[in-house]
Structure formats: C-alpha cells, structure tokens
There are 2 protein chains.
Amino acid sequence: MSEAIQFLEPNAAILSRRREIVADLAELVPAERLVHEPVELVPFETDGFLAYRRRPLAVVLPETTAQVAAVMKYCHRYGIPVVPRGAGTSLSGGAIPQEDAVVLGLSAMTRIIDVDYANRCATVQAGVTNLSISDAVGADGFFYAPDPSSQLACTIGGNIGMNSGGAHCLKYGVTTNNLLGVKMVLVDGTVIELGGKALDAAGYDLLGLVCGSEGQLGIVTEATVRLLAKPEGARPVLFGFDSAEAAGSCVADVIGAGIVPVAIEFMDKPAIEICEAFAHAGYPLDVEALLIVEVEGSDAEMEAMLASIVEIAKRHGVKTVRESQSATEAALIWKGRKSAFGATGRIADYICMDGTVPLSQLAYVLRKTSEITDRYGLRVANVFHAGDGNMHPLILYNINDPDDAARAEAAGMEILKLCVDAGGCLTGEHGVGIEKRDLMRHQYADADLAQQMAVRAAFDPAWILNPSKVFPLEGRS
Amino acid sequence: MSEAIQFLEPNAAILSRRREIVADLAELVPAERLVHEPVELVPFETDGFLAYRRRPLAVVLPETTAQVAAVMKYCHRYGIPVVPRGAGTSLSGGAIPQEDAVVLGLSAMTRIIDVDYANRCATVQAGVTNLSISDAVGADGFFYAPDPSSQLACTIGGNIGMNSGGAHCLKYGVTTNNLLGVKMVLVDGTVIELGGKALDAAGYDLLGLVCGSEGQLGIVTEATVRLLAKPEGARPVLFGFDSAEAAGSCVADVIGAGIVPVAIEFMDKPAIEICEAFAHAGYPLDVEALLIVEVEGSDAEMEAMLASIVEIAKRHGVKTVRESQSATEAALIWKGRKSAFGATGRIADYICMDGTVPLSQLAYVLRKTSEITDRYGLRVANVFHAGDGNMHPLILYNINDPDDAARAEAAGMEILKLCVDAGGCLTGEHGVGIEKRDLMRHQYADADLAQQMAVRAAFDPAWILNPSKVFPLEGRS
C-alpha cells in the first residue's frame, strides 16, 4: 500500500543509542518483560490498522505501576518517545509505533485487584481484557457494560485510551460513562489518581479528559469501573427493510420518540450476507437492510417496548420482524454481528470507517456513502451502531494492489468528511489515531485545535507520549 | 461572621481605573446591560453562599455570544479579572466576585435556540433556567433530566460550571451525562464549539473537562443538552426507619444489589420535621430516618422494582412503607424534599455541606457527622441524595453570632475531611467554589493539584477567569 500518512522523522541520536537504551531498560523491568530482538519486535510493528507498520526501538511489558513509572521517568529524561499499547486491536493505528519509540505494553498487567459489590465497582489493572471483567462478576449477576466487538482481546487500558463503545452502549453509555477512577503515570513518572468510588471529583474532571486521550496525557495503569446488574431477560429482534434509507429513518424515529432499547444495530445487504455466511445466525437474506434491536427487562417490559418499536417500524414499511426464540438463537444473532469485521476479513481486505452523525442524517449519509464508493469503483458493507449514529462502513479492497488501496483510503476520507459536514464527528469509538490525524483540520477550526494542543502541553510539553497521533504534524504548537 | 476564607488582594491599578473601565464596557454592551452604580451592584455582591460578599467593579449582562467575546477580549487585554455568574444560586460561593473584577452575568441570555426531537436535544443560551428547558418540551412528552433543587432559578450555564446534580440524577446522571455540546468564549475572546448533536468528539474530551470547571476555562454561552422521554408513570414511596444507620445500610444494599431507582433521597429526623412543617407532605414523624424512593415505568415495572426494594428494606427493619396514592400526594412528597433548604432557612441560618462517600461508608459517615456536630454544640439536619452517596448535612447556626458561625464553619470542614478520608470527595454537585478551595489540599496530593493547574493554565495562564476559586491561594503555579 502506498503510504499516504506521514510519520514523524525518527530522531537519529536516539536510534544510534539503541543498544544503550535497551541495556538501561533491562534495569527497570524483569528480563522476560523486555523485548528487543528484531524478530520478536515484529508483532509490535502494527495494530488493527494493518496498512502501516514501523519497528520500535524496544518493547517493555511492565507488571506494576512502579515499573511503568520507572520507564516513563527514564524515557522522559532522555526525550525518548513512548507509545502505549493494550492488546493492539486499535482500528485507527493508535498503537502503531515509530522507529525511535519504546512501546509500553500493558498486556502483562492483568490482575483484578478488587471487586466491590457494595459500591458496585471493580478495580483492575490496565491490561485486563474487557470481557474478563464481566466474566469475573457474571456468576454474581453483574457485568461491565461497554462491549467493543473485540472485547475478548482488547484491554480496559486501550478502551480508556479510545473511549471505546460497543453495541450495548446505546443504553449504557460508552467507556467514559462507566469509568469511575484511574491510577495514571504522568510523562515524568509521577503517579496520580483521578476519581474513585464516590460520585464526582473536586476541581476539574481530569478523569473525563483522560478517557479518550489516546495515551497522550499519561499511562493509565489501573482503572475502577462501574458494575451493573444483569437484566432479568434480554431479547434481540430482527427487523428487515426493503431499503437502507427506510431502516435508517426508522432508527431516527425510534430514538426521536424517546425509546432507548439496549442496542440498535444496522446491517446492509452486503453485511448481512457476509455475516450470515460466517455465523449462520438466521438473518433474512431477502431484505436490503436489517436492524438488530435488543430489548431487556421483564417479559412485560420487553413486550411493551417491542410493541412501540414495531408500530414505528410498520410506518417505515418493515418487511420482516423476527424475535429470537431461544437463548441459542439470541447468541447466534449477536455472534453474527460481533464477528462482522472478522467475517469481512475472510472475503476481502477492508478499512473500517468510524464516523458519527446526528440521527436525523442517517438515511442521507447512507445514500451518499454508497454514491462515494460507487464512484471509486469499490464495494462497501455497512454494519454499525445505528442507535448512536455511529457508522462503520467497511470499504473492501485488495491490500496488495496499491491503486486499489489508495482508492479505498481516499473513499474513506471522503466518507468521514461527509459525516463531519452532516454535523457529525470523525470518530465515534475507534479514536483518531494516525488514520484520521490529518482530517482533524476538517473537523476543527485552528482555535479549537490550538486549545486541544495547549491541554496536551499541560501534560506532555515535549510530545513524548504517542507523538505521531491525533494532531496533524504541521502547525503543532 | 469572621472571615476565615481569604480573598485575593485586589489590584490597586485596576481599582483606580474603575471609571475608565466602566466607560469602555459601555461601548461593548447596551446601556441597560451594564450595572455600575454602587447601590445596583449590591445584588451581585454574593450568591447562595451568603457568609461572604464583595462588591465588584461592574457587572455586564450581555445578550449575545459576540458581546461576551467583546467583554472577554477587553478584560483579557487589560488583565481585569472576570467572574462569570448565572442566577447566583451557588452554594459554594462560585459566583462571589472580588473588588477588581467584572461580573459577567449570563442571565439575559435566555433564548431557547432550537428544539430538535429527531436528535433528542435542545440548544439554549446559557442563561436559560434549568426548569424552563423541561417546560419548553413537556407538552411533547420530553424533559431535561438533571434537577437541582434550585431548578426554578438556576441557569444551565451555572449547572455546567458546577456539573450540577439533583434528586433524579441517580438514574439519569448529572449535568455532564446530559450535555452534548457548548459554544464557549475563551479568555482572549476567541469563540470555540465543543461537541454537538452527534456521538463523541474527535481528539480530547474538552466538553467533559469544561463541565464542572467553575467558569475558569472559558465562558459557556450556549449549550446543547439531551432530552429524554417522560416515563409512563412515576411513584415516590416513603420508607421510615428507626435509625439513620439502618436507612443508610438499606440504601447501600439496594444499590449493591444492582437496583437503580430514579431517586433515593434521605432525610433524618430534624430534616423530616423541618420539611413536614413547611410542606405538609405527609412524612411520618415517628421515625428517625426517611428514604424517599422513586420508581418509574409501567405499573408492572414499578411494582416489580418496589417489591425488591421492600424486601431489602425489611432486612433493615423498615418501620413504615407508604406509597403515594395520587399525583397530588406525589407532588407534595417532592415539594417537601425540594424545599428542604428553604424550609431550613426559615428556622435558622445554615451552611450546607456537599461531600460524597462510597455507599458502603454511608452509615459510618452519618454516625461520625453527628458526633462532630455534637462536639461543636451545633444542630445538624441531613437531607441528601443517598443513592449517589452525595451527602448534604445542613449545619444550623446563627449568622449574627461570630462564635457560632466560626464553629459551624469548622464543623463543616471536619465533616468534609471525614468524607474524603472515607474514600469520598469534597463536593458532589455544588462545586469547590471559594468555600472548599483551601480543602483541596486535603483531597489531592501536590502532583494532582499541579496537574489541574497546568490544565487551567492551558486556558487561562494569567488567572483572569474566576481567580479566587477552586485552587488554594498558596502554591499556585
């Protein structure tokens, strides 16, 4: 693939001191937690944004906050860039390193420190995977709500960096709505704590600021997250439509009526076919667009909410309404949706966009998206969190054909601009990373970006933390 | 009252230029929007934290964002402190001016700019009162959720400054959870926009940072807030207990079981008596502590949730369970609770504390609070948002007796330290203001405070915006 996205020029002085830096790092973390042989560095060269890769100087995988602090203190003293990394599932290249950087991987910090039902929260190390929190408390009837499709692999630290969402965030909110506190190592190695088990924080909401800051304000090493009680019951229902626009308008009307199901997921025909072939979820194949709507609560509550939704769907000419008849069917319906990206990867390379739009613009943006991909001669599959207006067009292409790849990237950028111009945002849950860095000027005026960079400088004036990301390389202050 | 809290020394050069500054401001806002005669300045000398007052240099009451920007540009150029003010209902002195400051009042910016049901949000000017948002959309079946007791008077701009909460925030979250976007004037007059109608923001969550920043990062002039659909029904239920500790433990067990009613409010015996005498709400007078629990939804949903709560309450020896039998009764129950502060003010002067604690500490902190006030020979009434662990001890005293006042202030500070030491926070919803400024060192280590001040400096390096507030005067950086 052609490299449309520029990286920062590596610092030659740092590169030349590589051997010495590795020796110094070996004093700070146990030997088995330092990766520096070229062949062992390969897995750390990229993340879920596969089109770009760089080999880092070294990788450290600390086990304690004290080790993280020691590494940060060292790198800060010598001006060595640090790229934090969770499970490396970022779709925007948030964890892609640079040649002169130390990758600070949190994946060895996997301890669940405390489960506190009286305060309905759990405190975990940053490398704990998203799903393992719910697994740890499931038998007691609780769960951790935000559910990225990658939840089996992705870490809570990475979720905090990207303010990750998921299908069930329509009702429960995204990471920032479920995060109560963090322990964080500042760029110079100082350890601070933000938030905690009680409501609110005195002074500024630095916890809210840190959530979604893509590893640029500090290294989160521990997190206290909210636990929720599992609902009495939950039921996904399939709504099939003859057009994507009808499905989109239906979503806007459901939400506009003030109805908030747990999830409203959207799939267009290509996505339905891909997912059905993979998961055999029982999706209808004779429709152009499908909504998976999940309701929860008692039987009576689910029936009542469903009745209101069915009434609205009928006004939009719904063709098929199919309730899951068993727990197995329900699980299959979600398996199909959650494996959409993986299933797509079996038939083609793809890039996944992550724009959000006001719900009233959903139908319009879907139509324009297909016009854009048609114009580039590319196929697109849409599968996304419709209730939140968080779109995920998957643009299919061939990663080994540079021309195809360049067109896919150009089409993706056009789609994101379309979202912004419709009153939306470049990213709903995947982050800006390196992928959308240069589009930040389309989203923001200079004064807005300058203010964001001023906040960044209040944490990391020397641009040591994840420096290639989020802000355009030109015009940095 | 003795002045335990220090103000910043006014800048003599600014004071001496008062006449000239007033003349300059007269060029920037309409004549009727500039207040400068001493007698007219009196209402702006203090806010809901009545123990302290200062007469400001002048007050401007702009009608547009452009006028706010012009005033900020002017004050920034000449280094004149600016104290933003909504309705002046702050209980922590957030809007108390200083002699060399221009008060920038938003109370004339009362326009509801846009109601957008398709995107379930409303955009309003910052001076719109909290309740008038719900009033504007109530006939269509919607409301704005956060409901401070002062909601008839307080403005959305003030709510954003303090990240205000209210009784119904247990289920719906506080201001930050219901805020989608703002237009904000930076200290130098630059206008920026944060957030909007679509999910999330690219880059840092400056919107989350601004919410609760007590007017120190910029002047919010417009806000886009989330609208919610009114529930099918709602019913407050009274639970009377023989001890405050039993009631507190019951709350912790309800929340610990994962049950989230709309509201769980707590009143101890003094609060019950004060509120009942005022509102004739039908509160039981033969109990030591009362919980007002509100459930909502369909009749079946309300019954199911109530049954679970009653079962837990029985384990804590609940003495009285009384459901409201009509809309009138329900309204009276809430009238009693929401007028608690006003009703208390009829019988004595009081200061209202605002600490939060982890729910598991509720019973312990209640017991210790009464030990503290006993030791100071003061009466206390507790009436607060128990489900959120957000305590409001009202310490009764005589404002005209300096000794009494000093003891009340000392007792209050001890109670807040108790909350912090129990794993809680100095403030749940009233803000730090000037009241709790010097306690920030009890909550935070130096590194935490330094980081907060560094963020502040990224917006306002010269400490022009509300400078006496939030951070201790000593050790500022």
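The analysis underlying the following values was restricted to heavy atoms, covering all of them including side chains, and did not include hydrogens, waters or symmetry mates. Lettering of chains follows the sequences in order, A, B, ..., and the numbering in each one begins at 1.
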Which bit of [X] comes within less than 4.5 Å of chain B, counting heavy atoms only: side chain, backbone, both or neither?
| X | answer |
| --- | --- |
| A/Gln452 | both |
| A/Leu217 | side chain |
| A/Ala201 | both |
| A/Tyr204 | both |
| A/Val455 | both |
| A/Arg456 | both |
| A/Ala445 | neither |
| A/Val210 | neither |
| A/Tyr444 | side chain |
| A/Glu429 | backbone |
| A/Asn119 | side chain |
| A/Ala257 | backbone |

TODO: Could you check if a side-chain atom of B/Leu362 sits within less than 4.5 angstrom of a side-chain atom of B/Leu359, using non-hydrogen atoms only?
DONE: yes
Task: B/Phe459 and B/Gln216, any side-chain heavy atoms less than 4.5 Å apart - done: no
TODO: Considering only heavy atoms, give the residues of residues 170-191 of chain A separated from chain B by less than 4.5 Å, sorted numerically, with 'none' for an empty result.
DONE: A/Asn177, A/Leu186, A/Thr190
TODO: Please look at B/Cys211 and chain A and tell me whether the side chain, the backbone, both or neither of the residue comes under 4.5 angstrom of a heavy atom of that chain.
DONE: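 It is the backbone, since no side chain atom gets that close.
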Open item on the list: Quick check on B/Leu439 against chain A: is it the side chain, the backbone, both or neither that has a heavy atom closer than 4.5 Å?
Closed with: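 For B/Leu439, no heavy atom lies under 4.5 Å from chain A.
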Open item on the list: Shorter than 4.5 Å, heavy atoms on both sides: which option in A/Leu228, A/Leu449, A/Leu209, A/Leu199 has the most such pairs with chain B?
Closed with: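 That would be A/Leu199.
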TODO: Would you please name every residue forming a salt bridge (charged side-chain N to carboxylate O under 4.0 Å, His left out) with A/Asp116, sequence neighbours left out?
DONE: A/Lys197
Open item on the list: Parallel, tilted or perpendicular, judged at 30° and 60°: which one describes the rings of A/His392 and A/His385?
Closed with: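 It falls in the perpendicular class, over 60°.
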